[in-house]
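Read the structure below first, then the notes.
What you see is a predicted model, and the numbers here were worked out from it, not measured in a lab.
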Amino acid sequence: PLVATDMGEVKEILNESESGAIVDETNALELAEVIIALAAAPDRRRSYAENASTASRAKYTWEVYKTDFINKYTELLEAPARLKSYAIPA
């Protein structure tokens, strides 16, 4: 499980995957409380770990990145052909 501050993409990833806790980066007491709560909750830690593993295999593998890259590259290669169909006649 991950305890992260309420910033950027980490927050989005944790919220989507339910694999950790978000704390205010300026609140040390909240951070301590969340860590202590997780230390006392093995079922929650296990759930967070399982969710993180599932999310990482579904979204953050080289296979996923490769497929996404190829799709975007193909889209760019096909863009000029699509743009020609929108050409304004002279």
Which residues share a side chain to side chain donor-acceptor pair (under 3.5 Å) with [X], sequence neighbours left out:
X     : value
Asn71 : none
Glu9  : none
Ser53 : Arg57
Arg45 : none

**Prompt:** What's the spacing between Asp6 CG and Thr26 OG1 if we round to 0.5 Å?
**Reply:**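 Spacing of CG (Asp6) from OG1 (Thr26) equals 9.5 Å.
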
**Message:** Return the CD1 to OG1 distance between Ile22 and Thr5, rounded to the nearest 0.5 Å.
**Reply:**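 Here the rounded value is 7.5 Å.
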
**Message:** Looking at Thr74 and Ile70, would you say the former's side chain and the latter's main chain have a donor-acceptor pair under 3.5 Å?
**Reply:**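 Yes.
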
**Item:** Side-chain donor or acceptor of Glu25 paired with backbone N/O of Met7 under 3.5 Å
**Value:**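 No; zero donor-acceptor contacts below 3.5 Å.
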
**Request:** Apply side-chain contact (heavy atoms from CB on, under 4.5 Å) to Leu31 and list each qualifying residue two or more places apart in sequence or on a separate chain.
**Result:**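 For Leu31, the residues satisfying side-chain contact (heavy atoms from CB on, under 4.5 Å) (neighbours in sequence not counted) are Val3, Val23, Ile35.
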
**Item:** Partners meeting side-chain contact (heavy atoms from CB on, under 4.5 Å) with Leu29 (sequence neighbours left out)
**Value:**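 Asn27, Glu33.
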
**Message:** Under 4.0 Å between a side-chain nitrogen and a carboxylate oxygen: does that hold for Lys72 and Glu75?
**Reply:**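 Salt bridge absent between Lys72 and Glu75.
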
**Message:** Tell me the closest heavy-atom pair linking Arg44 and Leu38, and the distance in Å.
**Reply:**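 Of all heavy-atom pairs spanning Arg44 and Leu38, the closest is CD-CD2, 3.6 Å.
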
**Item:** Closest contact, heavy atoms only, Ser56 versus Thr61
**Value:**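 Result for this residue pair: O-CG2, 3.5 Å.
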
